[in-house]
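To start, the structure under review is shown below, and the notes come after it.
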Amino acid sequence: MTVTYTLEVSRARFWGFPKLLVRWKGSIYRLMYLEMTFFLSLFYLIMSIYRGVLNEQWQRHFESVALYCREFTLTIPITFVMGFYVTFVAGRWWQQYMNIPWPDRIALQVSAYVSGADERGRMMRRALVRYANLLAIFTFQSTSTVIKRRFPTIDHLLEAGLLTEEEKRTIENIHSPQGTWFVPAHWFCQLCTIARKEGRIHDDLHLKSLIDEMMAFRSQCGMIWSYDWISVPLVYTQVVTIAVYSFFMACLFGRQYLKHASQDTSATNSLDYYVPIYTIVQFCFYLGWLKVAESMICPFGEDDDDFELNWIIDRNVQVSYLLADTLHLKHPRLTRDLFWDTIETDLPYTAATSKNRKEKDAFLGSTQAMNINPKQSEWEVDEMPPIGEMDEERAEAGLSSLNSKTSTVVEDDVEGVDADDADDASVVSCSSTGTELKFKKRGRLATLLLGSSRQTLFSKSGSKRSMFQRSTDASYPNLDSNSQDVSDQDDVTGSNSNQRVGTPLSQMCITITLSSQVSVPPMVLEESDVDSTGERTLTQKEGMVLAARIKKMSRTEEVAEPEEDEDCRMGIDSSQTPLCP
């Protein structure tokens, strides 16, 4: 019953929309011609009484009432009320159409996921799509007068072939105060589970996809049912109806021609209009607006512009059986297409469309046509050096602020440790291979090494380990026994010598950079004591000794290679692997 005129307005042309005014089916005339006839009949009846029956005195009383009604028509905000109401109803009308369930997606997935060329496999596929269609039909049977007239009872569905005798008895034996329209969705899910157990659905993901698709289909049916249950608030409809009908009731008196002149010339009609032309136009606007909302508020009825549910049901049943059964495992033979060896698919045009062919280049964006001045495209900042490349001068310049910034962390972390613990501390030799200890301004390695919290590198609890603890004790098993005492115990303190800081010796001997401006929060990781490289892991005291060495060097501004004194060596014999490669 949907009236389609898209082809007639596919091209804007002279007298395009006015041509639609002569159509009768689905037109505004068909909606309101009875109301228009009744209104004009009352208008002319009142006119006849006023001019032929009433005497002059009563005519003046009538004119007073007519002037009052004329003023009343100017105070009703009918345009405001009708605009919001029709907008709301039109949006609701379109949302109901968007929630009409279509079984195409379910049928495609059933054909792809439910395998089996035997009779049972075919029965399963046809039953699955039939349950989906039966769910939609049960929904429309409860919400649409058209479908209710077509399938009044469940016996009609049995006779139509949409139900079997056993399924009919099953539904009749279900006693639920909430109805049984959702039962086919349950049958669908159960049958999918059986197909999975039989191996006809090869993967659990396929089973989940089928059930998810049915859940979406069931949600659309539920939305249709909800729209039928929750209507537009009655008070809103009543307000709009009262506003429209009271307006035109006032027009029956206020738009009459008044014979006697009034003191207010603006309220006197100078011409005798036997046909109220503009009143009729207003009637078409406002009452037509109301009738449009009335026809759209329930699109599952029998109006001209209501949805074609009968056609939708017939189409869905045919297409679902076609996809799930007839076309199952049937497809054309694979061949090379016409554009196999080229990327330019120059499709031909007919003579009717040759003028629409565009020879210009493809659209690549509106900014492609912009021309930027080369002078304006230059950078306004200085050229930055590559990351990681620093000269000695910049390193020395960054060392000036090292004493006041970066050494604070070491002072805070080694503060307050017993001297007895310092006696057992060890010093690591970092100059056995001539490795140069450099301090660079922009580096962050030492910041990560020293940390900015007492809960990381020098944690007394021992529950957390540093991010550098990735070496193994297997490489240097005798390190603790051969370590020497620290000569300057005033600078180094600590506790729990068996705890490991987690810093490999090779990492302690690489080029270390300290930042005087950037404070990087430490990262604490729970990791094993063995690194993939198999390096020795420092104990906590050893790490504190090395940190003290760094602090001492920063105080004395020793940028060059540190001297190999006795305080910087570990007690390791020559047979062992050197600590600093």
Open item on the list: Tell me whether R125 contacts the main-chain N or O of G116 through its side chain, where contact means a donor paired with an acceptor under 3.5 Å.
Closed with: yes

Task: Nearest-0.5 Å distance, OG of residue S176 to CD1 of residue I171 - done: 12.0 Å

TODO: Look at the rings of F300 and F140 and say which category their plane angle falls in: under 30° parallel, 30 to 60° tilted, over 60° perpendicular.
DONE: tilted

TODO: Could you go through the salt bridge (charged side-chain N to carboxylate O under 4.0 Å, His left out) check for D212 and K208 one step at a time?
DONE: CA-CA 6 Å; D212 289 344; K208 180 181 182 300; 2.7 Å; yes

Open item on the list: Angle between ring planes, F62 versus F253, binned at 30° and 60°: parallel, tilted or perpendicular?
Closed with: tilted

Open item on the list: Please check this pair: side chain of W102 against backbone of I100, looking for a donor-acceptor N/O pair closer than 3.5 Å.
Closed with: yes

TODO: Determine the minimum heavy-atom distance between N99 and I224, stating which atoms define it.
DONE: O-CG1, 3.5 Å

Open item on the list: Determine whether a donor-acceptor pair (N or O, by modelled atom type, separation under 3.5 Å) exists between the side chain of S111 and the backbone of L108.
Closed with: no

Task: Residue pair G301 / D306: nearest heavy atoms and the distance that separates them - done: C-OD2, 2.9 Å

Open item on the list: Check whether K197 reaches the backbone of T193 with its side chain - one donor and one acceptor, N or O, closer than 3.5 Å.
Closed with: no

- [ ] Determine whether R51 and Y257 make a side-chain contact, defined as any pair of heavy atoms from C-beta on separated by less than 4.5 Å.
- [x] yes

Task: Among D203, D204, L191, side chain to side chain contact (heavy atoms under 4.5 Å, CB included) partner for R196 - done: D204

Open item on the list: Whether the side chain of T353 engages the backbone of Y349 through a donor-acceptor N/O pair (distance < 3.5 Å, no angle test) should be reported.
Closed with: no

TODO: With side chain to side chain contact (heavy atoms under 4.5 Å, CB included) as the test, would you mind laying out the steps for R315 and D104 before giving the verdict?
DONE: CA-CA 10 Å; R315 180 261 176 200; D104 299 45; 2.7 Å; yes

Open item on the list: Looking only at the aromatic ring of each residue, does the gap between the centers of F307 and W93 stay below 6.0 angstrom?
Closed with: yes

TODO: Give the ring-plane orientation class for W24 versus Y33, where under 30° counts as parallel, over 60° as perpendicular and anything between as tilted.
DONE: tilted

TODO: Decide yes or no for F247 and L287: does some side-chain heavy atom of the first lie under 4.5 Å from some side-chain heavy atom of the second?
DONE: no

- [ ] Please assess R70 against L258 for the test side chain to side chain contact (heavy atoms under 4.5 Å, CB included), listing each intermediate value before the final yes or no.
- [x] CA-CA 12 Å; R70 186 177 300 173; L258 303 180; 4.0 Å; yes

- [ ] Pick out which of T241, T73, I76 makes a side chain to side chain contact (heavy atoms under 4.5 Å, CB included) with S246.
- [x] I76

Task: Residue pair R200 / S115, side-chain donor-acceptor N/O under 3.5 Å - done: no

TODO: Drop me the distance from M36's CE to L34's CG, to the nearest 0.5 angstrom.
DONE: 11.5 Å

Task: Heavy-atom closest pair, residues V114 and H328 - done: O-CE1, 3.7 Å

Open item on the list: Quick check for you: to the nearest 0.5 Å, what is the distance between Q318 atom CD and I313 atom CD1?
Closed with: 12.0 Å

Open item on the list: What I'd like to find out is whether the side chain of L128 reaches to under 4.5 Å of the side chain of I106, using heavy atoms alone.
Closed with: no

TODO: For the pair E159 and K168, evaluate salt bridge (charged side-chain N to carboxylate O under 4.0 Å, His left out) and give the outcome as yes or no after the intermediate values.
DONE: CA-CA 11 Å; E159 296 173 358; K168 174 180 175 293; over 6 Å; no

Open item on the list: Can you confirm whether R23 is buried at CZ, in the sense that more than 12 heavy atoms of other residues, nucleotides or ligands lie under 6.0 Å from that atom?
Closed with: yes

Open item on the list: Quick one: does any side-chain atom of S142 pair with a main-chain N or O of F138 as donor and acceptor, under 3.5 Å?
Closed with: yes

Task: Modelled atom types, side-chain donor and acceptor of Q95 and Y227, under 3.5 Å - done: no

- [ ] Assert yes or no for the condition that the ring centre distance of F84 to F80 is strictly below 6.0 Å.
- [x] yes

TODO: Could you check if a side-chain atom of Y44 sits within less than 4.5 angstrom of a side-chain atom of P276, using non-hydrogen atoms only?
DONE: yes

TODO: May I ask you to test the E213-F217 pair for a side-chain heavy-atom distance under 4.5 Å?
DONE: no

Open item on the list: Just so I know, are the side chains of F39 and T279 near enough to count as touching, which here means a heavy-atom distance under 4.5 Å?
Closed with: yes

- [ ] Would you indicate whether E172, at its atom CD, is surrounded by more than 12 heavy atoms from other residues, nucleotides or ligands within a distance under 6.0 Å?
- [x] yes

Open item on the list: Can you confirm whether the side chains of E35 and Y245 place a donor and an acceptor under 3.5 Å from each other?
Closed with: no

Task: Distance-only side-chain donor-acceptor flag, T153 / H156, under 3.5 Å - done: yes

Task: Option from Q256, Q59, E63 for which side-chain hydrogen bond (donor to acceptor under 3.5 Å, both in side chains) with Y50 holds - done: E63

Task: Value rounded to 0.5 Å, distance of CG in N55 from CZ in R60 - done: 11.0 Å

TODO: Would you sort out whether V317 and L162 count as a side chain to side chain contact (heavy atoms under 4.5 Å, CB included), showing the intermediate values?
DONE: CA-CA 9 Å; V317 172; L162 297 172; 4.3 Å; yes

Task: Flag side-chain contact, heavy atom, 4.5 Å: L40 against I280 - done: yes

Task: Closest heavy-atom pair and its distance - Y236, Y85 - done: OH-N, 3.2 Å

Open item on the list: Could you go through M215 and C189, starting from their C-alpha distance and side-chain angles, then the distance that decides it, and tell me whether this counts as side chain to side chain contact (heavy atoms under 4.5 Å, CB included)?
Closed with: CA-CA 9 Å; M215 293 301 103; C189 296; 3.8 Å; yes

Task: From NE2 (H206) to CD1 (I211), nearest 0.5 Å - done: 13.5 Å

- [ ] Classify the ring geometry between Y68 and F72 as parallel (under 30°), tilted (30 to 60°) or perpendicular (over 60°).
- [x] parallel

Open item on the list: If only side-chain N and O atoms count, and only distance matters, is there a donor-acceptor pair under 3.5 Å linking N133 with S320?
Closed with: yes

Open item on the list: Does this structure show an ion pair linking K291 with D303, if we count only N-O contacts that are shorter than 4.0 Å?
Closed with: no

Open item on the list: Whether R150 and D314 form a salt bridge (side-chain N of Lys/Arg under 4.0 Å from carboxylate O of Asp/Glu) is what I want to check.
Closed with: yes

Task: S144 side chain to V146 backbone, donor-acceptor under 3.5 Å - done: yes

Open item on the list: Measuring from atom CD1 of I194 to atom CE of M124, what distance do you get when rounded to the nearest 0.5 angstrom?
Closed with: 6.0 Å

TODO: Could you pull out the closest heavy-atom pair between I137 and L157, with the gap in Å?
DONE: CG2-CD2, 3.7 Å

Task: Which atom of D305 lies closest to which atom of V3, heavy atoms considered - done: OD1-N, 3.6 Å

Open item on the list: Contact between R255 and F43 at the side-chain level, heavy atoms closer than 4.5 Å - yes or no?
Closed with: yes

- [ ] State whether Y321 and R126 meet the cation-pi test: NZ (Lys) or CZ (Arg) under 6.0 Å from the six-membered ring centroid, and within 45° of the perpendicular axis.
- [x] yes

- [ ] Assess the pair Y97 and W94: is the distance between their ring centroids shorter than 6.0 Å?
- [x] yes

Open item on the list: I'd like to know if R130 and E167 make a salt bridge, using a cut-off of under 4.0 Å between side-chain N and carboxylate O.
Closed with: yes

Open item on the list: Tell me whether the count of non-hydrogen atoms from other residues, nucleotides or ligands lying under 6.0 Å of CD in Q368 goes above 12.
Closed with: yes

